[in-house]
Amino acid sequence: MTTDQPQDRPPSARHTPVMLERCVELLAPALQHEGAVFVDGTLGMGGHTEAVLQACPSARAVGIDRDPEALALATGRLARFGDRFTGVHAVSDDVPEVLAGLEPPLRRADAILFDLGVSSLQLDEVERGFAYRTDAPLDMRMDQSTGLTAADVLNTYDVGELVRILKEYGEERFARPIARAVVRQREQEPFTTSGRLVALLHDVVPAASQRTGGHPAKRTFQALRIEVNAELSVWSQALTQALRALPVGGRIVVLSYHSLEDRITKRGLAAGATSSAPPQMPVVLPEQQPWLRLLVRGAEQATDAETAANPRSASVRLRAAERTRTTPDQT
């Protein structure tokens, strides 16, 4: 008997969208009018976009993804919506350029979603190198047509650079001994596959930490993935650009999966939801009023039931906001 490989299954069977109903609930109020535009800045396999198009029949959707394979799969999945869906190969910080490149060109999007997690497509396809439990080429690029691979980072960065990314992006306590071990081993033979790196991490990370801190490769693989794809700088820019593209009444929803992404999201939304007037000012001028309204208190998490059904939702943090007034940066 044969079993289907992940790539043989349809997108709907390969990926369960995280907090799907809650995302639609938060986005839908901005998408009920004729001509409404929804942007999925991290399209993935299209599950969130499919649900939004079903719930908001007056809206059209624009899906952005830097992964050509994901974009092709999602476009096939959403073909039944005809010209209500447009897929675009781009990075998530290109929202203004993507909108301007549509026909007709647009300057605003009524609702925007970012699901910042690594997609099931990337995790399940061994040759992508994202998963540390299977030996695979050390790639980790979301767009395999361009940029440095994880192997390039391991084989060319000096000790100081490796320590920096492991500490900043992986929050790895043992960054320095890991970096030194990588440099020693690559002098004998360059790194090409994940199995050899995982073996190194098993040897370097103390056993006590492995017993309490999860898999010893988890933080290093996260750091490499963020570095290879410039995820934090892209996300910081993407959030700024997306907020600028929202009209009054427009909404944004963000799903983050680690503290570094969530910190950028929290600060960006909080800045817009806070008055810019000095605390001692008796009167707050209109231009000093907040221009965002937070739609959830703090960060929402997936329910226990969802986490049990979809383990990839365990670390998610959802934040959402609505634009309440225009700002000078909206030309």
Closest heavy-atom pair and its distance - [X], [Y]:
| X | Y | result |
| --- | --- | --- |
| Leu239 | Ile264 | CD2-O, 3.7 Å |
| Arg66 | His89 | O-NE2, 3.0 Å |
| Ala100 | Pro105 | O-CB, 3.3 Å |
| Arg244 | Gln330 | O-NE2, 2.9 Å |
| Leu269 | Leu292 | O-CD1, 3.7 Å |
| Leu31 | Val52 | CD1-CG1, 3.7 Å |

Are [X] and [Y] packed together at the side-chain level, in the sense that at least one heavy-atom pair is separated by less than 4.5 angstrom?
| X | Y | value |
| --- | --- | --- |
| Arg80 | Phe85 | no |
| Val183 | Leu162 | yes |
| Ser256 | Phe114 | no |
| Glu171 | His258 | no |
| Leu166 | Thr220 | yes |
| Ile112 | Leu246 | yes |
| Glu161 | Val159 | no |

Next item on the list: Please report the C-alpha distance between Asn310 and Ser313 in whole Å, then the side-chain angles of each, then the deciding distance to 0.1 Å, and finally whether the side chain to side chain donor-acceptor pair (under 3.5 Å) criterion is met.
Entry: CA-CA 6 Å; Asn310 182 15; Ser313 68; 4.7 Å; no

salt_bridge([X], [Y]) N-O dist < 4.0 Å:
| X | Y | result |
| --- | --- | --- |
| Glu34 | Arg60 | no |
| Lys167 | Glu172 | no |
| Glu50 | Arg77 | yes |
| Arg141 | Asp143 | no |

Next item on the list: Look at atom CG of Asp329 and say whether more than 12 heavy atoms of other residues, nucleotides or ligands are closer to it than 6.0 Å.
Entry: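 Buried by this count: over 12 neighbours within 6.0 Å.
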
Margin query: Within the supplied structure, the quantity of interest is the number of heavy atoms (other residues, nucleotides, ligands) at a distance under 6.0 Å from Arg173 CZ; does it exceed 12?
Written below: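 For Arg173, atom CZ is not crowded (no more than 12 foreign heavy atoms under 6.0 Å).
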
Item checked: Leu113 and Ile252: CA distance, side-chain angles, deciding distance, side chain to side chain contact (heavy atoms under 4.5 Å, CB included) verdict -> CA-CA 6 Å; Leu113 170 71; Ile252 185 169; over 6 Å; no

Margin query: What verdict does the side chain to side chain donor-acceptor pair (under 3.5 Å) test give for Tyr257 and Asp115, after you've listed the backbone C-alpha separation in whole Å, the side-chain angles of each residue and the deciding distance to 0.1 Å?
Written below: CA-CA 9 Å; Tyr257 295 82; Asp115 181 352; 2.8 Å; yes

Note to self: For Thr265 and Trp235: C-alpha separation, side-chain torsions, deciding distance, then whether side chain to side chain donor-acceptor pair (under 3.5 Å) applies.
What the structure shows: CA-CA 9 Å; Thr265 308; Trp235 172 231; 3.0 Å; yes

Next item on the list: Start with the C-alpha gap between Glu25 and Arg22, add the side-chain angles, then the distance that decides, and say whether salt bridge (charged side-chain N to carboxylate O under 4.0 Å, His left out) holds.
Entry: CA-CA 5 Å; Glu25 178 186 17; Arg22 184 60 171 142; 3.0 Å; yes

Item checked: Residues in side chain to side chain contact (heavy atoms under 4.5 Å, CB included) contact with Arg251, at least two apart in sequence or another chain ->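 For Arg251 the side chain to side chain contact (heavy atoms under 4.5 Å, CB included) partners, ignoring immediate neighbours, are Pro29, Ala30, Arg293, Leu295, Glu322.
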
Notebook entry, point to check: What do the steps show when you test Tyr169 against Glu231 for side chain to side chain donor-acceptor pair (under 3.5 Å), and what is the final call?
Noted result: CA-CA 10 Å; Tyr169 302 157; Glu231 289 180 28; over 6 Å; no

Check: Taking only residues at least two apart or on different chains, which pairs with a member in residues 190-210 satisfy ring pair (Phe, Tyr, Trp, His ring centres under 6.0 Å)?
Finding: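 For residues 190-210: His202-His215.
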
Next item on the list: Applying side-chain hydrogen bond (donor to acceptor under 3.5 Å, both in side chains) between Asp262 and each of Arg317, Arg319, Arg267, report the one that passes.
Entry: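 The single option meeting the side-chain hydrogen bond (donor to acceptor under 3.5 Å, both in side chains) with Asp262 is Arg319.
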
